[in-house]
There are 2 protein chains.
Amino acid sequence: MPRRTAPIVSVGARLQAILEAFTETSPLLTLSELSRRTGLPLTTTHRLVGELLTGGLLERDELGRYRVGLRMWEIGSLAPRGLGLRASALPFLGDLFDATRNHVQLAVREGTEVVYLERISARDAVHVVSRVGGRLPLHATAVGLVLLAHAEHEVREQALAAPLRRFTERTLGTAAQLRRALADVRRDGYAVCNGAVELVSLSVAAPVRDQEDNVVAALSVVVPAKGANPRALIPVVRAAARGISRALGAPSGLRLPVAARHETHVLPEHG
Amino acid sequence: MPRRTAPIVSVGARLQAILEAFTETSPLLTLSELSRRTGLPLTTTHRLVGELLTGGLLERDELGRYRVGLRMWEIGSLAPRGLGLRASALPFLGDLFDATRNHVQLAVREGTEVVYLERISARDAVHVVSRVGGRLPLHATAVGLVLLAHAEHEVREQALAAPLRRFTERTLGTAAQLRRALADVRRDGYAVCNGAVELVSLSVAAPVRDQEDNVVAALSVVVPAKGANPRALIPVVRAAARGISRALGAPSGLRLPVAARHETHVLPEHG
DNA sequence: AGCCGGTCTTCCGTTGAACGGAAGAGGAGG
DNA sequence: CCTCCTCTTCCGTTCAACGGAAGACCGGCT
């Protein structure tokens, strides 16, 4: 399958370019902005946007600017890796939140990045940069380490080969460090990141598995780094993650390290 | 603008037909299923689906079936009427949930239907048919009545003209009944539906307003109909709805009916 | 084994839908 | 008034999209 040399030819690619033009920081765009961002001629943009509009994938606000439509949100909500996972996980996230009263997050891997599916936060919780629907690189977050540690070999090598963006002086900076961290995560069944994105916050993450025992998501708690005791958080995070895994039909319990068995009961199943 | 006679011509419409083929009950589709559902020739479906795949709007599972992709979910999460609203509302939904320990829902209107944006539920709460991302007709739910009561004249007439599907014997069945209910909602500033979707459940809803004082969403609590006292719920639901409105920049408080003023303090702003 | 029903995929000649330049309508600012 | 920006409509050209045909692949049935 040889690589095409032409810039953008198919209608499908053009339509997708238009949809991709919307971002978190610019959710409202005029026609000419869309035309500029996509590089498509104004007339073409006009016609394509018109089609998306009649389908409800885009909407216009009262000033005539375009925005992502509710229909888009609805269809997106059918993504099995989105709301499906979320629905199974939500009760356990709630339990974990009640137990910790700090940010509780659910995330999946997409390429070499983390995508956040859900977060529950207290009003006074420590600041976090990520957002539901937002992305962060895999190497800088606890959920990212968990997801990368259990990703296919090829993905792992790809992430290790890429330059590792440093957010703080505590962000993992070299491939060797990252490789060791991943080995630790696989051995221990959890990941801890202390100040890797922002110095003020520390997070603890554990893997969520599906029927085939694949790691499909990761769960984390984010607490203020100052005075935090990660060792106390590890059991509850792992228990919640295992609860979700069980709800997804994972072959639970059996593959627990012996020393961790008793943790199963830390978080009551029903109460 | 004369009506086109041709069935489906534009690529855009075809692509959207493919996306629309996915539903809550069938989120995994094979190529031929997609072809049958959309009415597109198999070859055409194959090519278009391929484009959506490279863009990440669709994904394939390990058996080769197609599903809505995470990219779709991400872009959908940029819809201002989706996650934007949700983010503003979530803390207030949480407060309301803590206060009532029953289903708490946030919904918007799309055409003549309700679309549910968010729900917080206790594990033992009464059964509800709707789902996050799901739809119900406007006339059968408390949120629907609120949204319809404040919709533009044209939308209201359209909803009144359509046949009213009856879920139970308590569902509003005639346009006259509905018209009176809407007038009540406008006068009182809330709506109550007792067993209109399922006999076992009762819901209380109130409107959420934006900067321009438009009703952009509705908030509701769903409780078991048996032994419920709606009058006790009305103040807390209205207070939470007003809290969200204020967070959205609505000209708050000023337009409250005099008798309701004191309710403002029922739900503490910060606690 | 061989056959049949279903799946999915590749190939390729035809054709009409998509394209985008041109022109004009509207609107804000000077 | 003119200028500069926006958005929208029109329409002749052309090339991407189309979809039939053919074949690969995978069960299940006899």
Side-chain angles (χ1 to χ4, degrees), chain A residues 1-23 25-69 80 212, chain B residues 1-23 25-69 80 212:
Chain A
M1 197 182 285
R3 181 165 282 272
R4 283 250 134 226
T5 51
I8 286 194
V9 270
S10 84
V11 184
R14 286 173 218 244
L15 288 171
Q16 292 184 46
I18 289 176
L19 293 177
E20 305 271 352
F22 293 89
T23 67
T25 50
S26 51
L28 296 171
L29 298 172
T30 67
L31 182 62
S32 3
E33 275 172 337
L34 274 169
S35 166
R36 264 178 265 121
R37 282 170 185 245
T38 56
L40 298 174
L42 185 64
T43 319
T44 302
T45 313
H46 183 255
R47 178 169 28 82
L48 295 181
V49 153
E51 288 188 15
L52 291 171
L53 220 51
T54 64
L57 297 191
L58 292 185
E59 299 173 351
R60 308 192 71 168
D61 67 5
E62 57 281 3
L63 285 83
R65 291 171 303 187
Y66 296 93
R67 63 185 181 199
V68 177
E212 286 86 34
Chain B
M1 198 180 286
R3 181 164 281 272
R4 285 249 134 230
T5 50
I8 285 193
V9 269
S10 84
V11 183
R14 286 173 218 243
L15 287 171
Q16 292 183 46
I18 290 176
L19 294 176
E20 306 272 351
F22 292 89
T23 67
T25 49
S26 51
L28 296 172
L29 298 172
T30 68
L31 182 63
S32 5
E33 274 171 338
L34 274 168
S35 166
R36 264 178 264 120
R37 280 170 186 244
T38 56
L40 298 174
L42 186 65
T43 320
T44 303
T45 312
H46 182 256
R47 181 168 27 80
L48 295 181
V49 153
E51 289 190 15
L52 292 171
L53 219 52
T54 64
L57 297 190
L58 291 186
E59 299 171 352
R60 309 192 71 168
D61 67 4
E62 58 282 3
L63 285 82
R65 290 171 304 187
Y66 295 93
R67 62 185 181 198
V68 177
E212 286 86 34

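Letters A, B, ... are given to chains in the order of the sequence lines, protein chains preceding strands, and every chain is numbered from 1.
- Under a 3.5 Å cut-off, the side chain of A:Q16 and the backbone N or O of B:E51 do form a donor-acceptor pair.
- At a cut-off of 3.5 Å, with distance as the only test, a side-chain donor of B:T23 or B:S26 sits close to an acceptor on the other residue.
- Under a 3.5 Å cut-off, the side chain of B:E59 and the backbone N or O of A:P80 do not form any donor-acceptor pair.
- If you measure from atom CG of A:L15 to atom C1' of C:dC19, you get 13 Å, rounded to the nearest angstrom.
- Atom pair A:L42:CG and D:dC10:P shows a separation of 16 Å (rounding to whole Å applied).
- At whole-Å resolution of the value, CG in B:L63 and P in C:dT7 are 15 Å apart.
- In terms of modelled atom types and a separation under 3.5 Å, the side chain of B:R37 and the main chain of B:A21 share a donor-acceptor contact.
- No contact: B:R65 has no heavy atom under 4.0 Å from any strand.
- For the pair B:H46 and C:dC8, the criterion of a side-chain N or O lying under 4.0 Å from OP1 or OP2 is not met.
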Problem set entry | Contact pattern, 5' to 3', of nucleotides 13-23 of chain D - B, S or - by protein heavy atom under 4.0 Å | ----SBBBB--
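- Residue B:R36 places at least one side-chain N or O closer than 4.0 Å to OP1 or OP2 of C:dT7.
- Judged by distance alone, with hydrogens and angles left aside, the side-chain atoms of A:S35 form a donor-acceptor pair with the main-chain N or O of A:L40 at under 3.5 Å.
- No side-chain donor-acceptor contact under 3.5 Å links B:R67 to the backbone of B:L58.
- The distance from atom CG of A:L31 to atom P of D:dC5 is 16 Å, rounded to the nearest whole Å.
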